[in-house]
Structures are given as structure tokens and as C-alpha cells.
Visitor: 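Mind looking over this structure? Questions follow.
The sequence lines fix the lettering, A, B, ..., with proteins before strands; numbering per chain opens at 1. What you are looking at is a predicted structure, and each value in this text was computed from that prediction instead of being measured.
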Amino acid sequence: MPELPEVETTRRGLAPLVVGKTIAAVAVRERRLRWPVQSSLPDRLQNQPVTALSRRGKYLLMSTTGGTLLLHLGMSGSLRYLAAPTHPSKHDHVDLNFSSGEVLRFNDPRRFGSLHFSTEPEQHWLLKHMGPEPLGPDFTGEYLWRASRRRRVGVKQFLMNARVVAGVGNIYANESLFRAGIHPTRPAGRISRERLDGLVREVRAVLKDAIRAGGTTLKDFVGGDGRPGYFQLSLDVYDRAGESCPRCDKPITARTIGQRATYYCSSCQR
DNA sequence: CGCTGACCCTGACGGC
DNA sequence: TGCCGTCAGGGTCAGC
């Protein structure tokens with residue numbers, strides 16, 4: 001569900017609500033997430049004031065005076081901010097209880113999400129080898145060109161590798177390759193510098209467009225403010241198998257590449 | 001080292 | 001209506 005624009009939407013919605021508040025207690029009802037939740041995590045966060053809410057790739061980083069909570073939403077995770085605590089329902093795995101009485105609740109049916117505590121988040125094993133931020137200054141055509149030489153893997157899988165660039169997920173990999181006119185299975189190392197410049201431009205543009213639209217709501221994504229995104233209305237190829245290409249009118253192709261649903265126009269993308 | 005496929009888990013949906 | 005197979009936006013890891 002959540003890719004970078006959805007995580008960023010969540011971050012922007014929640015930041016004004018949690019920064020400056022103090023975590024009174026953490027309730028972990030289900031430890032079996034993507035990685036088992038450290039049993040020390042509640043103690044490490046208890047009584048800590050939240051100083052910032054930031055993002056690295058698809059990870060949310062909640063900074064406190066005593067350390068940082070790394071939170072990943074996985075495929076089905078979501079955060080809801082409750083002014084008044086309600087009885088937790090199914091898949092409500094973790095609550096951050098603030099001293100103000102408000103609650104930040106983590107719900108995740110598939111349990112692919114995760115929570116970690118770290119005093120040095122940038123050095124944490126989950127973040128340490130992560131590539132540049134796609135919206136940051138280090139993600140350039142020059143960088144992508146250097147990183148891709150001699151790589152035979154298809155450019156879509158290459159783009160979705162977090163070591164190459166952080167947080168480009170399936171929807172936006174499909175969309176940016178369409179916009180750039182590049183076929184998803186083309187070997188990454190056999191794309192010209194000029195075309196990689198274009199790809200970088202389109203990755204950035206599609207992510208920015210999606211953030212501006214409040215993310216993509218395919219099923220049930222809502223941001224920190226509880227509102228859905230509407231970027232799904234702007235998707236050119238994702239989930240549009242058989243529909244006509246917005247540029248050439250030929251039908252959109254759907255196939256599985258590397259276990260992920262892939263959509264493209266075989267005429268416009270080469 | 002690079003790449004492929006298996007795997008983690010629940011829920012929704014379509015076909016019969 | 002119910003059962004069953006398939007698929008889903010995440011990521012890591014073993015093994016070749």
C-alpha cells in the first residue's frame with residue numbers, strides 16, 4: 001500500500017500532531033511483525049519528548065531526545081492518530097500513548113511492517129546501505145548512469161532496489177518508466193546517459209505529483225489526517241491492463257516481472 | 001558479486 | 001452461499 005509518496009503524506013499529516021508531545025507509554029500487543037519488536041522498545045521510548053518526524057525512503061523516523069523510532073508500514077500498515085483512545089481492534093498492534101491523552105496507533109494486517117529503536121538511525125542496518133533519496137540532490141542522471149553500468153538486471157527491478165535509490169516502489173517504477181518511454185525489462189546497463197537523465201527527471205516528477213495529490217489510494221490508504229489520496233486518477237499504466245495507452249492508444253500490457261505486477265506500453269516503451 | 005526465486009502474512013476477489 | 005486459488009502497493013535472504 002504505502003510507497004514513498006504515501007509515507008510522505010502520512011509524515012506531513014502527523015508531524016504537526018506529534019512533534020512536541022511526550023510519549024507516556026508504548027503498548028505492544030503483537031510483537032511478530034516483519035522483525036520481532038525489541039522487548040526493550042517501550043522502555044526506550046517512555047517519557048521521551050518527540051523532537052521531529054522525518055522520512056528516509058519508506059521509513060518514518062520519529063526522533064525523541066533519547067533516540068529514534070524507525071517505523072515501516074510494509075504492504076498493509078497504517079497509522080491513525082486518535083484524539084481519544086478507543087478500544088483497539090483487530091491488527092492494531094502498537095499504540096504510542098502521549099501524555100496529552102492522544103494515541104498514535106499502528107495497524108497492519110499482513111504484519112510486513114516493522115518498528116525499531118536506534119540511537120544512531122543513519123547507521124542502523126536497515127538504513128545504512130540505502131541509496132540516495134529520489135527527491136534529494138544526489139539522485140542524478142550521472143549517479144544512475146554510474147550505478148547501472150555492467151548491470152544486466154531489468155531497469156524496473158534496478159529502480160526498485162533500495163540500495164540503488166530509496167523508496168521507489170512498484171506503482172511509481174511503472175509510472176516513471178512509462179513517462180520516460182523506457183521498457184521495464186531493458187537491461188539497466190544498456191541505457192544511454194541521456195535516457196537515464198530523463199528517467200531521473202520522471203521519477204522525481206511522478207513522486208512530486210503523487211505527494212501533491214496526497215498519495216495513491218488503491219484500496220484504503222489514508223494519510224495522517226485520515227483523508228485518502230487521489231493520485232490513482234493520474235496513473236497512466238498501473239493497474240490499467242488492456243486499457244488504451246494515453247499516448248498511442250494501444251492496449252497496456254500487464255505481466256509479472258520479478259514477482260511484481262508490471263504494466264507498460266510495448267509501443268511507447270523501448 | 002549479481003541475479004533469481006522463495007518467503008514472510010492476511011484479506012479481498014473472482015470463478016465455480 | 002461457500003470453498004478454493006490467485007493476487008496484492010513491502011523487503012530480505014539463501015543459493016546458484
Visitor: Would one find a side-chain N or O of A/Arg260 under 4.0 angstrom from OP1 or OP2 of C/dG9?
Guide: yes

Visitor: What's the closest nucleotide to the A/Arg111 side chain, out of C/dG9, B/dG11, B/dT10?
Guide: B/dT10

Visitor: Of the candidate nucleotides B/dG11, C/dA8, C/dG11, which contains the atom at the shortest distance from the side chain of A/His72?
Guide: C/dG11

Visitor: Measure from the side chain of A/Gln259, starting at C-beta and using heavy atoms only, and say which of B/dG5, B/dT4, C/dA8 lies closest.
Guide: B/dG5

Visitor: In whole angstroms, how far is the P atom of C/dG10 from the CD atom of A/Glu3?
Guide: 4 Å

Visitor: How would you label the contact of A/Ala162 with the nucleic acid (heavy atoms, under 4.0 Å): base, sugar-phosphate, or nothing?
Guide: nothing

Visitor: Using a 4.5 Å cut-off on heavy atoms from C-beta on, say whether the side chain of A/Leu144 contacts that of A/Phe158.
Guide: yes

Visitor: Rounded to the Å, how far apart are A/Gln157 CD and B/dC3 P?
Guide: 9 Å

Visitor: May I ask you to verify if any side-chain N or O of A/His91 is less than 4.0 angstrom from the OP1 or OP2 atom of B/dG11?
Guide: yes

Visitor: Both distances below 3.5 Å, Watson-Crick or wobble geometry, any strand: find the nucleotide opposite C/dG9.
Guide: none

Visitor: Quote, to the nearest angstrom, the P distance that separates B/dG5 from C/dC7.
Guide: 15 Å

Visitor: For A/Ser100 and A/Glu102, which I'm curious about, is there any donor-acceptor pair between the side chains at under 3.5 Å?
Guide: yes

Visitor: Give the rounded distance in Å between these two atoms: NE2 of A/His116 and C1' of C/dG10.
Guide: 14 Å

Visitor: May I ask you to say what A/Arg152 touches in the nucleic acid, namely base, sugar-phosphate or nothing, with a heavy-atom cut-off under 4.0 Å?
Guide: sugar-phosphate

Visitor: For A/Arg34 and for A/Lys90, find the nucleotide of DNA chain B with the closest heavy atom, then tell me which residue's nucleotide is more 5'.
Guide: A/Arg34

Visitor: Nearest to the A/Leu126 side chain among C/dG10, C/dT12, B/dG11, which nucleotide is it?
Guide: C/dT12

Visitor: I want to check one thing: is the phosphate of B/dC3, taken as OP1 and OP2, less than 4.0 Å away from some side-chain N or O of A/Arg151?
Guide: yes

Visitor: Would A/Gln48 and A/Thr65 count as having a side-chain donor-acceptor pair, cut-off 3.5 Å?
Guide: yes

Visitor: Provide, to the nearest angstrom, the distance between the CZ atom belonging to A/Phe231 and the P atom belonging to C/dG9.
Guide: 16 Å

Visitor: Take the protein atom OH of A/Tyr238 and the nucleotide atom P of C/dC7, then report the distance between them rounded to whole Å.
Guide: 13 Å

Visitor: Considering heavy-atom distances to DNA chain B, does A/Gly258 or A/Phe112 have its closest nucleotide positioned more toward the 5' end?
Guide: A/Gly258

Visitor: Rounding to an integer number of Å, can you tell me how far A/Tyr59 OH sits from C/dG11 P?
Guide: 7 Å

Visitor: Quick one: salt bridge (Lys or Arg N to Asp or Glu O under 4.0 Å) pairs with a partner in residues 144-162 of chain A, sequence neighbours left out?
Guide: A/Glu142-A/Arg146

Visitor: Is the shortest side-chain N to carboxylate O distance from A/Lys128 to A/Glu122 below 4.0 Å?
Guide: no

Visitor: Please determine, by modelled atom types, if A/Arg255 and A/Tyr264 share a side-chain donor-acceptor pair under 3.5 angstrom.
Guide: yes

Visitor: Report yes or no: is there a donor-acceptor pair, N or O only, under 3.5 Å between the side chain of A/Arg110 and the base of B/dC9?
Guide: yes

Visitor: Does a nitrogen or oxygen in the side chain of A/Lys58 sit under 4.0 Å from OP1 or OP2 of C/dG9?
Guide: no

Visitor: Between B/dC3 and C/dG9, how far is it from one P atom to the other, in whole Å?
Guide: 22 Å

Visitor: Contact class for A/Tyr172 (heavy atom, under 4.0 Å): base, sugar-phosphate, or nothing?
Guide: nothing

Visitor: Output the rounded distance in Å from CG (A/Asp108) to P (B/dC8).
Guide: 16 Å

Visitor: Please give the nucleotide sitting opposite B/dC9 as a Watson-Crick or G-U wobble pair, both distances under 3.5 Å, or none.
Guide: none

Visitor: If you measure from the P atom in B/dA6 to the same atom in C/dT6, how many Å do you get, rounded?
Guide: 14 Å

Visitor: Please state whether the rings of A/Phe231 and A/Tyr172 are parallel, tilted or perpendicular, taking 30° and 60° as the class boundaries.
Guide: tilted

Visitor: Output the rounded distance in Å from CE (A/Met160) to P (C/dG11).
Guide: 7 Å

